[in-house]
Asker: 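Next up is a structure, given as structure tokens.
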Amino acid sequence: EAQVTQNPRYLITVTGKKLTVTCSQNMNHEYMSWYRQDPGLGLRQIYYSMNVEVTDKGDVPEGYKVSRKEKRNFPLILESPSPNQTSLYFCASSARGVSYEQYFGPGTRLTVT
Amino acid sequence: GQQVMQIPQYQHVQEGEDFTTYCNSSTTLSNIQWYKQRPGGHPVFLIQLVKSGEVKKQKRLTFQFGEAKKNSSLHITATQTTDVGTYFCVGLRDSNYQLIWGAGTKLIIKP
């Protein structure tokens, strides 16, 4: 089944404790992206990747890192999480770039205390 | 900041009534996509519009892209409980080829 998977689905952590949210897609998509969703703000793009070893900042990249060493994986790293990073995070992938429909993962609800 | 304004933020309708959400951009868009997010779920792609003045239909849903490629709308005829969720427009900026999301319109069916 074609899908985007994220882990973990829920995470409660403390300020400053490094964490990684994994994202994997099995559709051989070139484009992958991370979003955060906060009430009333819609989805805001954190980082995106057009292909392996190619990443770029989205609208809200501060406090986040990403890497794209393999086509299927696009982990999101929070080196020193803070409470303002409490949010719902979505990973998405697309076949050939931003002009095409995106497939979203189920989401990761992160709480930083 | 947000450069695609989506209104209204919420819309309460009785089942069977129509629903419309509008998106307006300050800049020209290459295309616009629409997504639906059910409560507790993730966004799911509905449609993409590319041409100026384009109109597309999916059963009870009608999507329009403005002549100037700066605005779009989604109209649902005779809403059903399965339509409940938040509808997002996503524009692709002509200038820098980046995506901009509207804040979404939440469709609520009154009991």
Side-chain angles (χ1 to χ4, degrees), chain A residues 1-10 21 23-25 27 29-51 54-61 87-110, chain B residues 1-10 21-25 27 29-51 54 56 58 63 65 69 72 74 85-106 108:
Chain A
E1 181 192 351
Q3 60 182 350
V4 179
T5 56
Q6 292 179 230
N7 282 293
R9 296 288 314 280
Y10 303 91
V21 184
C23 172
S24 183
Q25 50 92 5
M27 296 170 279
H29 283 173
E30 292 181 355
Y31 181 90
M32 296 186 74
S33 180
W34 275 103
Y35 295 91
R36 60 178 289 173
Q37 184 174 29
D38 302 290
L41 295 177
L43 276 81
R44 293 181 292 168
Q45 193 175 48
I46 302 170
Y47 270 95
Y48 63 95
S49 169
M50 300 293 283
N51 214 324
V54 180
T55 62
D56 214 340
K57 296 177 181 178
D59 296 318
V60 288
S87 188
L88 178 59
Y89 291 87
F90 287 103
C91 179
S93 73
S94 171
R96 288 186 293 278
V98 297
S99 289
Y100 299 87
E101 68 177 281
Q102 293 187 75
Y103 295 81
F104 282 79
T108 295
R109 187 164 291 281
L110 172 66
Chain B
Q2 202 72 264
Q3 293 182 25
V4 170
M5 298 302 297
Q6 188 172 357
I7 57 169
Q9 190 175 359
Y10 301 93
T21 173
Y22 301 90
C23 283
N24 291 289
S25 169
T27 58
L29 303 171
S30 293
N31 64 42
I32 195 154
Q33 298 176 350
W34 285 90
Y35 289 79
K36 176 184 178 181
Q37 184 178 23
R38 292 183 189 274
H42 57 273
V44 174
F45 176 81
L46 293 176
I47 208 159
Q48 177 171 279
L49 305 170
V50 179
K51 298 176 186 174
E54 190 168 13
K56 287 188 176 180
Q58 290 179 349
F63 304 84
F65 199 11
K69 300 184 78 175
S72 182
L74 158 59
T86 301
Y87 293 84
F88 294 96
C89 61
V90 190
L92 182 63
R93 284 192 197 111
D94 247 354
S95 55
N96 61 4
Y97 225 51
Q98 282 205 322
L99 292 171
I100 21 170
W101 285 71
T105 296
K106 189 171 186 177
I108 300 160

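Keep in mind it's a predicted model, so treat the numbers as computed, not measured. We name chains A, B, ... by the order of the sequence lines, and we start the count at 1 in each one.
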Asker: Counting heavy-atom pairs under 4.5 Å with chain B, which one of A:Ser33, A:Gly105, A:Gly107 comes out on top?
Answerer: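 With the most close heavy-atom pairs to chain B, the winner is A:Gly105.
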
Asker: Has B:Tyr22 got more than 12 heavy atoms of other residues, nucleotides or ligands less than 6.0 Å from its OH?
Answerer: no

Asker: Have B:Trp34 and B:Thr21 got a donor and an acceptor in their side chains that come within less than 3.5 Å?
Answerer: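 There is no such pair between these side chains.
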
Asker: Under 4.5 Å from any heavy atom of chain B, what part of A:Tyr100 do you find: side chain, backbone, both or neither?
Answerer: backbone

Asker: Quick check on B:Gln6 against chain A: is it the side chain, the backbone, both or neither that has a heavy atom closer than 4.5 Å?
Answerer: neither

Asker: Start with the C-alpha gap between A:Gln37 and A:Tyr35, add the side-chain angles, then the distance that decides, and say whether side-chain hydrogen bond (donor to acceptor under 3.5 Å, both in side chains) holds.
Answerer: CA-CA 7 Å; A:Gln37 184 174 29; A:Tyr35 295 91; over 6 Å; no

Asker: Does any heavy atom of chain B fall under 4.5 Å from the side chain of A:Phe90, the backbone, both, or neither of them?
Answerer: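 Contact with chain B involves the side chain of A:Phe90 alone.
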
Asker: At their closest point, which heavy atom of A:Pro106 faces which heavy atom of A:Gln6, and how far apart are they?
Answerer: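 Nearest heavy atoms, A:Pro106 then A:Gln6: N-OE1, 3.7 Å.
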
